[in-house]
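The shown structure was predicted, so the numbers you read here are calculated from the model rather than taken from an experiment. In this chain, numbering begins with 1 at the start of the sequence shown.
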Amino acid sequence: MSDGFKLEMVRNIGIIAHIDAGKTTVTERLLYYTGRTYKIGDVDDGTTVTDWMDLERERGITITAAATTCYWKDHRINIIDTPGHVDFTAEVERSLRVLDGGVVVFDAVAGVQPQSETVWRQANKYRVPRICFVNKMDRVGANFNRTIEMIRKVLGAKPLAIQLPLGEEKSHEGMIDLIENKAWVFSEDADTPPVELPIPQAYVRRAREQRDWLVEKLAEEDDGLMHVYLEGHAASPADVKAALRRATLAGKVVPVLCGTALKNKGIQHLLDAIVNYLPSPLDVPAVEGTEPETGEKLSRPAQEEAPFSALAFKVVSDPFVGRLVYLRVYSGRAESGTRLLNSARNQKERLGRLLRMHANHREEIGVASAGDIVAAVGLKSTLTGDTLCAPEAPILLEAISFPEPVVSVAVEPRSKADQDRIGEALQKLTEEDPTFQTYYDEETGQTIISGMGELHLEVLLERMRREFKVETKTGKPQVAYKETITESARAEGRFIKQFGGRGQYGHVVIEVQPGERGSGFVFVDKIKQGVIPKEYIPAARAGIEEALHRGVLANYPLVDVKVTLLDGSYHDVDSSDMAFKMAGSLALKEAVRRAKPTLLEPIMKLEVFTPEQFLGDILGDLDGRRARIEDIGSQEDYREIRAYVPLGETFGYATVLRSLSQGKATHSMEFHHYEEVPPSLLEQITLRAKGRVI
């Protein structure tokens, strides 16, 4: 390792959860108790380490994932504190792609919330072992058992409580360690160490039953403990910890702890659990990739002796050091100044200064080794998802996939000076954020920016103003509709021009068919040999793909279309790539017109948490927004509404919900899928998109 730590003593973890569950507060306490910081920051006061941006401190939310490093009991823990708001889900996605383990934080009152489900699915996708921390046990309505039951039912996991809360709500003072059979009482004073006590008499029976249940369930998942269990021996704490580690790394169980981060309760034991149960780089399978030229499958073990490989997972424009690229090093080692290959772009890059990040503070290091998470200066062409590797041993790691943006707004610079700067600002922001897209609309002469939601775009525009000194005027948010087809159709495209000398000749016949939802663009070549020369087929395909960018109804992108190239003709002299590209484009547009095109609209998954007295008014409002109610659950005096609602009907919903509920209801929303626009609204949306509002 670059700082002398053995790989088995390293933990690369992420703190993930729903917004307001307490991730940043937990991270702040982890840093304090490991001695990384000497003063505890507060989210409400804007003094936390990982929420270092001014916007984060003003709004009290995490916007960008921040990396930091701390040390606990001879282990090095690299931590990434991720955002909880769904608009910044890309930060969670790319963090989980490169992390080995996760700490999922839950609010003891709300339990499993919508974004909890999202991050859990993301962790499942990357097979990230995790532990759970049930936070805010001192709040009114806190319920440890209910939260565990929600983890089991809603997330489909197998949670195993390894602690019991010592009191709940106002009486919460500590916890019972079921593995060690001890009780711990905490002081709200951060510098007072926890006090170990015998388990109080009132909890002895319950603690014994819970420990027996823990051992029994763990034995079902671990052969080593099953052997001890069947022989009738009492499972020692060492036996249970070893079995729990094996089962957690295998993804069979999820250990659950409890505490109150704000009141400094339970953090030291959470650190112990991170070290005891989450994987080191050696505990996860060797990273897999392909040989860039041949596509042959390759793997790289987490060893310094192996060829160097790293994945770029984040790009940041730092005002002091310039362009920073965050890297997760999977194998090998590289020093500052090393020449590496960007295998995604087939370009050589020189590794400049190497930095270990502590949020926005930098610590220079000389070497990046297997298991490290570092930031590099000097990588000019490397973007998020690119692979850096040793030139003599090329490998291409799987890139990171991100959701498509669903909300767009038009932006215009306010002055000539802003116009000169806006291009650079947009370029840097799109490099940083893969879910932020921008393009110039030639028809309207406007720059269009797209993102994951209103808050996402609002934050990016504010960053443009503060960081890049660009003032803009913006239009109203617009829905990112898609176009598709509902029937099959054939058409031909002819591009024939004669200029006196050599002309242009391209001719293709294609068939379009509706694809499955989410299938994107599929191209099939059924040209019989000699009808069209092979060298012109890629040009015809390129013309077809280019035409997909602007549909025939309202210029929205065409998706989920299968295109088959059936026939055509060529001219020995006049045919060219350009002619066949134009022919492909013309054929696609004509075929789509004949295939009954329609619009697809983004549908959002909406969850509303409201006091029962406002339920009727909120349901009535949702009915007027074309919402489809899936379920109405209950938690004491509250009702939880789960629904699907078109994105176009949700703009300004936060304000309306506050008005309907006297500010007492909360909601969360995330993109779920696309579906066809109702026929009654199709013409209205199409005309509006063309600038003729009705």
Quick check: do V185 and P194 have side-chain heavy atoms less than 4.5 Å from each other?
no
Does a sphere of radius 6.0 Å around CZ in R628 hold more than 12 heavy atoms from other residues, nucleotides or ligands, not counting ones at 6.0 Å or beyond?
yes
Can you confirm whether Y126 sits close enough to V98 that some side-chain heavy atom of one is under 4.5 Å from a side-chain heavy atom of the other?
no
Check whether the ring centres of H667 and F609 lie less than 6.0 Å apart, and answer yes or no.
no
Within a 6.0 Å radius of atom CG on D631, are there more than 12 heavy atoms belonging to other residues, nucleotides or ligands?
yes
If the plane angle is over 60° it's perpendicular, under 30° parallel, otherwise tilted; pick one for H673 and Y644.
perpendicular
Please examine the side chains of P279 and V284, heavy atoms only from C-beta on, and report whether any two atoms are closer than 4.5 Å.
yes
Which heavy atom in W120 sits nearest to a heavy atom in A157, and how many Å separate them?
CZ2-CB, 3.5 Å
Output the distance between atom NZ (K241) and atom CD (E180), rounded to the nearest 0.5 Å.
4.0 Å
Does N181 form a side-chain contact (heavy atoms from CB on, under 4.5 Å) with D177? I'd like the steps, not just the answer.
CA-CA 6 Å; N181 272 322; D177 184 334; over 6 Å; no
To the nearest 0.5 Å, how far apart are OG1 in T248 and CD in E221?
10.5 Å
Report yes or no: is the cationic atom of R11 (NZ for Lys, CZ for Arg) closer than 6.0 Å to the six-membered ring centre of W72, at no more than 45° off its axis?
no
E209 atom CD, over 12 foreign heavy atoms within 6.0 Å:
yes
Strictly distance-based, threshold 3.5 Å: is any side-chain N or O of Q163 a donor or acceptor partner for the main-chain N or O of C258?
yes
Is there side-chain contact between I274 and I13, with heavy atoms separated by less than 4.5 Å?
yes
Check ion pair R642-E630 (N to O, under 4.0 angstrom)
no
Only residue of T25, D138, V134 satisfying side chain to side chain contact (heavy atoms under 4.5 Å, CB included) with T260 is D138
Just one of R328, R127, R130 clears the salt bridge (charged side-chain N to carboxylate O under 4.0 Å, His left out) bar with D100, so which one?
R328
Please report the interatomic distance NZ(K158) to CD(E220), rounded to the nearest 0.5 Å.
4.5 Å
Decide yes or no for H75 and V10: does some side-chain heavy atom of the first lie under 4.5 Å from some side-chain heavy atom of the second?
no
Would I603 and E601 count as a side-chain contact (heavy atoms from CB on, under 4.5 Å) here? Give the steps.
CA-CA 6 Å; I603 304 297; E601 62 180 343; 4.0 Å; yes
Do we see a donor-acceptor contact under 3.5 Å between the side chains of S187 and D189?
no
Is it true that a side-chain atom of N276 and a backbone atom of D272 form a donor plus acceptor pair closer than 3.5 Å?
yes
Enter the distance from R245:CZ to Y277:OH here, rounded to the nearest 0.5 Å.
10.0 Å
How far apart are the C-alpha atoms of Y203 and L164, what are their side-chain angles, what is the distance that settles it, and do they pass the side-chain contact (heavy atoms from CB on, under 4.5 Å) test?
CA-CA 9 Å; Y203 289 89; L164 287 180; 5.6 Å; no
In terms of heavy-atom contacts, S116 and G111 come closest through OG-O, 4.4 Å
Under a 4.0 Å threshold between the charged nitrogen and the carboxylate oxygen, would R463 count as salt-bridged to E432?
yes
Do the side chain of T147 and the main chain of N143 share a donor and acceptor less than 3.5 angstrom apart?
yes
Pair R29, N264 - check side chain to side chain donor-acceptor pair (under 3.5 Å), show working.
CA-CA 7 Å; R29 268 56 181 183; N264 310 305; 3.1 Å; yes
Nearest non-hydrogen partners of T384 and P434, listed with the distance:
CG2-CG, 4.0 Å
Run R97 and E398 through side-chain contact (heavy atoms from CB on, under 4.5 Å) and show every step you take.
CA-CA 10 Å; R97 171 68 176 81; E398 182 187 354; 3.8 Å; yes
Separation between CG (N135) and CG (L262), nearest 0.5 Å, reads 8.5 Å
Output for pair (L225 CG, S236 OG), nearest 0.5 Å, gives 9.0 Å
If every non-hydrogen atom of I199 is compared with every non-hydrogen atom of I176, which pair is closest and at what distance?
CD1-CG2, 3.9 Å
Side chains of I151 and C132 in contact at under 4.5 Å (non-hydrogen atoms):
yes
Checking D191 against Y32 for the side chain to side chain donor-acceptor pair (under 3.5 Å) test, could you report, in this order, the C-alpha distance in whole Å, the side-chain angles of both residues, the deciding distance, and whether it holds?
CA-CA 10 Å; D191 297 319; Y32 181 78; 2.3 Å; yes
How about V608 and F614: do any of their side-chain heavy atoms sit closer than 4.5 Å?
no
Does the R211 side chain pair with the main chain of I179, one donor and one acceptor, at a distance under 3.5 Å?
yes
Heavy-atom nearest pair, E8 first then L282, reads OE1-CD1, 3.5 Å
Is there a donor-acceptor pair under 3.5 Å between the side chain of H269 and the backbone N or O of I267?
no
Option from V112, N124, V254 for which side chain to side chain contact (heavy atoms under 4.5 Å, CB included) with L155 holds
V112
Steps toward salt bridge (charged side-chain N to carboxylate O under 4.0 Å, His left out) verdict (D107, R139):
CA-CA 9 Å; D107 183 325; R139 283 187 59 200; 2.8 Å; yes
Nearest heavy atoms of K136 and G22, plus distance in Å:
CE-N, 4.4 Å
Are V316 and Y326 side-chain neighbours, meaning at least one heavy-atom pair lies under 4.5 Å?
yes
Assess whether a salt bridge exists between R208 and D212, defined as any Lys/Arg side-chain N lying under 4.0 Å from an Asp/Glu carboxylate O.
no
For this output row, return yes or no: ring centroids of F186 and H172 closer than 6.0 angstrom.
no
